[in-house]
Amino acid sequence: DELKVTLGASYIEGTATPDATMRVYTPGATLRGTPGLTANVTMPGVVPGEENLTVSNDTPPYAKSDGFGQSLKIEYELPKDFTLVSISSHDQFRLDDQSDSDRTSYAGIKNSYGGYFKAKANTQELRLLSPGDGVFRYTLGLFYGDNDLQRSFRRGPVFSQAQWYAMATSENKAAFGQGEWTFLPKTGLARGTYYTILR
């Protein structure tokens, strides 16, 4: 009777087609200064303007993502109506993306960019709750979290070539507390503090 366990899970999935529309260009402009490669040749059917939603690409754009998270909450009633709470979580997310970097459908230049992004996060929290029916109530807690981020990117192969991989990690440690004092009926005072170390 003193133990309560709550298990949670979440899943997300998304698909988008990101693109950049042409609003204005200089009359007579050519693709990368190449004679003859005017807008009529490289972007047929596109009429620039503030309301333009038409694009002309030869690389299909996409942004596909999915994420999965899990959480575990354990509550245990201690003697004298104190409660110990543990909250654990894990989340992971991935995004794969691709876009046409020359923004044209000209077959002679097929340039694109994209890659993937990954993120993982783990957290652990502990709380000690005082009895909730007294004039003075408080919560004490500890928190830990870590994040792992990765990004793979490539662009090319015709111009502005690039290819790189990057990663970053972070760690968060914290201690916190909050107290509430009801010194008159329906009148009280609350004060809390939170100290964290992030690296």
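In this text the structure is predicted, and so the values were computed from the model without any measurement.
- Partner of S86 under the side-chain hydrogen bond (donor to acceptor under 3.5 Å, both in side chains) criterion, chosen from E125, Q124, E75: Q124.
- The shortest distance between side-chain heavy atoms of F117 and D96 does not fall below 4.5 Å.
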Given side-chain contact (heavy atoms from CB on, under 4.5 Å), test L126 with V85 step by step and report yes or no.
CA-CA 6 Å; L126 292 175; V85 181; over 6 Å; no

Determine, step by step, whether N172 and T196 satisfy the side-chain hydrogen bond (donor to acceptor under 3.5 Å, both in side chains) criterion, reporting the C-alpha distance in whole Å, the side-chain angles of both residues, the deciding distance to 0.1 Å, and the verdict.
CA-CA 7 Å; N172 186 347; T196 183; 2.6 Å; yes

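- You'll find the side chain of L31 reaches within 4.5 Å of the side chain of I109, heavy atoms only.
- By the 4.5 Å heavy-atom criterion applied to side chains, M43 and N57 are not counted as neighbours.
- The shortest side-chain heavy-atom distance between E171 and L198 does not fall under the 4.5 Å cut-off.
- In terms of heavy-atom proximity, Y138 sits nearest to S130 at N-OG, 2.7 Å.
- No side-chain heavy atom of Y76 sits under 4.5 Å from any side-chain heavy atom of K4.
- Remark: R94 is positioned above the aromatic ring of Y116, its terminal NZ or CZ atom under 6.0 angstrom from the ring centre and at most 45 degrees off the axis.
- Note that NZ of K120 is 13.5 Å distant from OG1 of T169, once rounded to the nearest 0.5 Å.
- Contact between G36 and V41 at its shortest, heavy atoms only, is O-CG2, 3.6 Å.
- Atom OG1 of T123 sits about 7.5 Å away from atom CG of D91, to the nearest 0.5 Å.
- Counting only N and O atoms by type, the side chains of T104 and D102 include a donor and acceptor under 3.5 Å apart.
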Dump the intermediate steps for side-chain contact (heavy atoms from CB on, under 4.5 Å) on R127 and L84, then the final yes or no.
CA-CA 6 Å; R127 301 177 189 170; L84 183 64; over 6 Å; no

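- With values rounded to the nearest 0.5 angstrom, L140 atom CG is found 10.5 Å from Q178 atom CD.
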Using side-chain contact (heavy atoms from CB on, under 4.5 Å), reason through M167 and D148 one step at a time and then give a plain yes or no.
CA-CA 7 Å; M167 62 180 299; D148 182 5; 4.3 Å; yes

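- Nearest heavy-atom pair, G145 versus F143, reported as atom, atom and distance to 0.1 Å: N-CE2, 3.8 Å.
- Between the side chains of T182 and R137, at least one donor N or O sits under 3.5 Å from an acceptor N or O.
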Take Q98 and Y113 through the test side-chain hydrogen bond (donor to acceptor under 3.5 Å, both in side chains) and record every step on the way to the result.
CA-CA 6 Å; Q98 175 179 274; Y113 66 88; over 6 Å; no

Steps toward side-chain contact (heavy atoms from CB on, under 4.5 Å) verdict (L189, E180):
CA-CA 6 Å; L189 178 68; E180 300 178 22; over 6 Å; no

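- When all heavy atoms of A121 and N147 are compared, the pair lying nearest together is CB-OD1, 3.3 Å.
- The shortest side-chain heavy-atom distance between S101 and S160 does not fall under the 4.5 Å cut-off.
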Would you list the atom pairs, donor with acceptor, under 3.5 Å between side chains in residues 60-73 and any protein atom, with sequence neighbours excluded?
none

Walk me through it: do D100 and N111 pass the test side-chain hydrogen bond (donor to acceptor under 3.5 Å, both in side chains)?
CA-CA 6 Å; D100 190 328; N111 221 66; over 6 Å; no

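- With hydrophobic clusters built from ILVMFWY side chains whose heavy atoms lie under 4.5 angstrom apart, L95 shares a cluster with I12.
- R32 forms a cation-pi arrangement with F159, by the criterion of a distance under 6.0 Å to the ring centre and an angle within 45° of the ring axis.
- The CG atom of D146 sits 10.5 Å away from the NZ atom of K173 when rounded to the nearest 0.5 Å.
- For R23, the CZ atom sits in a packed shell: over 12 heavy atoms of surrounding residues, nucleotides or ligands are nearer than 6.0 Å.
- Put simply, CD on Q163 and CD on Q161 are 10.0 Å apart, with the number rounded to the nearest 0.5 Å.
- Nearest approach of T42 to S56, heavy atoms of both residues: O-OG, 4.0 Å.
- Listed by first then second residue, pairs satisfying ring-ring contact (aromatic ring centres under 6.0 Å, His included) with a partner in residues 167-199 read F176-Y194, W181-F183, not counting sequence neighbours.
- Within a 6.0 Å sphere centred on CZ of F82, heavy atoms belonging to other residues, nucleotides or ligands number more than 12.
- Contact check for L3 versus I74: side-chain heavy atoms found under the 4.5 Å cut-off.
- Atom OG of S112 and atom CG of D58 lie 8.5 Å apart (nearest 0.5 Å).
- The two residues L128 and L78 make their nearest non-hydrogen contact at CD1-CD1, 4.0 Å.
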